[in-house]
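The sequence lines fix the lettering, A, B, ..., with proteins before strands; numbering per chain opens at 1.
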There are 2 protein chains.
Amino acid sequence: MESNLEVAMRTLTRKGAATRQRILEGAAAHIRENGVVATTLDDVLARTATSKSQLFHYFPGGREELLLAVARFEADRVLEDQRPQLGDLTSWPAWRSWRDKVVDRYQRQGRLCPLNSVTSHLGNGTPGSQAVVTELMHRWQTEIATGVRHMQDTGEIDPGLDPDRAAAALLAGIQGGVLIQMSTGQTIHLEAALDMGIAHLRASRLPVA
Amino acid sequence: MESNLEVAMRTLTRKGAATRQRILEGAAAHIRENGVVATTLDDVLARTATSKSQLFHYFPGGREELLLAVARFEADRVLEDQRPQLGDLTSWPAWRSWRDKVVDRYQRQGRLCPLNSVTSHLGNGTPGSQAVVTELMHRWQTEIATGVRHMQDTGEIDPGLDPDRAAAALLAGIQGGVLIQMSTGQTIHLEAALDMGIAHLRASRLPVA
DNA sequence: CACAAAATGGACTGTCAAGTCCAAAGACGA
DNA sequence: TCGTCTTTGGACTTGACAGTCCATTTTGTG
């Protein structure tokens, strides 16, 4: 039905690039504050002091393309917000510190999860949406797994444990914890999931006694 | 702004009740197949062979009230679909059997999660939506915790472990696993999370050696 | 400077879907 | 059976919002 989203955009003036960015960030901000459903193109225009022709100039695919761009934008933030801890899971205190950062990040974020919001609006099956989420999850899981491997190298985690599977489980716990927090407002689940995940890693070092 | 959703509906003929139910189930089915975004009231009407006046007669709050009703409907299904295993977590094989059932259920369900879809459309903060999800999570977690306690009674799980917290972590893992499955299609995360959660319960029985 | 390409303003259109209304048909108790 | 309350049909209104179009201004370049 549509295939020429994400088209050429051959030349972009400095000014043009700035405008595009302004629209993108404005849209992201508005969505973060109001949710996708309550975000119309006109809202974005008003907020960013741009006109319709500009929006469609930089996002020829219209609303859908803009939403997808926002999804990418937010997906990047997710991992960045966990730096530098996420990239440095090299000791138990470091894991703890990362855990705290994650909890804190999502506590601040409150009830709206822009990424989930956007992708579930685009439809989870949409190729673009799926690609963004899949890549995010993959990168996230990889970084965790790297941390696990490092701890295995230093002998702090049982070498017999599958790092990728452990990372997958931990990641699932985080996602679920955040999801529950969105709906219920409680942050316990996220904390419990992280704690249990990490505890399990630690415990693995002490085999069946 | 609105407060009289879920109003009186004083008398309901047998016929009326049937119609109401037909609309509700038709809406749920359509949403399960197409997602909320792609579900208009007219779609539901066409599918259930009813007229607009009927829909607004039985759901005076219109779309919003209907969506909320669907959310409740789906929330009930979630736990029912885990019976009888969920209510009988009394041995390790039983836990395993439950795990398989959960994985199977969500594997069948595919990419659309009606409940998440609906609530995220209603807006996670909506009192009605929040109530439905919160209650579901609470009941779910309670049932898991009951299972944990039972295993503690029979000495198969360390009595020092907090059943509610363990259940919260496990629940988070499930939610996250499902969420990831929705977006990526992969079922590994759900399985890994369940397995790790249960493994952690089992491992607790063998204290620090 | 001059010209081509890019950026911008904003009115206009078309569609689509939620919700209203009233009149007609059917159910049910007295 | 009668009268009332419920149920139903479906046309109509209303509003909102995505997307189009063209005229105008600005920018960059040879």
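- With respect to B:Asp104 and B:Arg108, a salt bridge is recorded, a charged nitrogen being found less than 4.0 Å from a carboxylate O.
- Using modelled atom types and a 3.5 Å distance limit, the side chains of B:Glu156 and B:His150 yield no donor-acceptor pair.
- Of the possible donor and acceptor atoms, none in the side chain of B:Gln141 sits under 3.5 Å from a partner among the backbone N and O of B:Leu171.
- Spacing between atom CZ of A:Phe59 and atom P of C:dA7 amounts to 12 Å, rounded to whole angstrom units.
- Considering only side-chain N and O atoms, A:Thr11 lies under 4.0 angstrom from the phosphate OP1 or OP2 of C:dA6.
- Using a cutoff of 4.0 Å between basic side-chain nitrogens and carboxylate oxygens, B:Glu143 and B:Arg83 are scored as salt-bridged.
- Residue B:Gln54 places none of its side-chain N or O atoms closer than 4.0 Å to OP1 or OP2 of D:dT7.
- No donor-acceptor pair closer than 3.5 Å links the side chain of B:Gln21 to the backbone N or O of B:Leu24.
- Atom pair A:Lys52:NZ and C:dA11:C1' shows a separation of 11 Å (rounding to whole Å applied).
- We find that CD1 of B:Ile23 is positioned 14 Å from P of C:dA18, with the value rounded to whole Å.
- Near-neighbour residues of DNA chain C inside residues 32-51 of chain A, defined by a heavy atom below 4.0 Å, number-ordered: A:Ser51.
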Would you list the protein and nucleotides 22-30 of chain C atom pairs, both N or O, that sit under 3.5 Å from each other?
none

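- Between B:Arg202 and B:Asp195 no salt bridge is recorded (no basic side-chain N to carboxylate O distance below 4.0 Å).
- A:Ser129 and A:Thr119 share no side-chain donor-acceptor pair at under 3.5 Å.
- A salt bridge between B:Arg77 and B:Glu80 is absent, with no side-chain N of the basic residue lying under 4.0 Å from a carboxylate O of the acidic one.
- Look at B:Thr19 and you'll find a side-chain N or O under 4.0 angstrom from OP1 or OP2 of D:dT8.
- Between the C1' atom of D:dT27 and the CG atom of A:Leu12 lies a distance of 13 Å, rounded to the nearest Å.
- Not one side-chain nitrogen or oxygen of B:Tyr58 sits closer than 4.0 Å to the OP1 or OP2 atom of D:dT6.
- C:dG19 atom C1' lies 5 Å from atom CZ of B:Phe56, rounded to whole Å.
- Look at CD on A:Gln21: it is 14 Å from P on C:dA7, rounded to the nearest Å.
- Between the C1' atom of D:dC17 and the NE2 atom of A:His30 lies a distance of 14 Å, rounded to the nearest Å.
- A:Lys52 and A:Asp42 are joined by a salt bridge, as a carboxylate oxygen and a charged side-chain nitrogen come within less than 4.0 angstrom of each other.
- Summarising the geometry, the separation between NE2 on A:His57 and P on D:dT20 is reported as 15 Å, rounded to the nearest angstrom.
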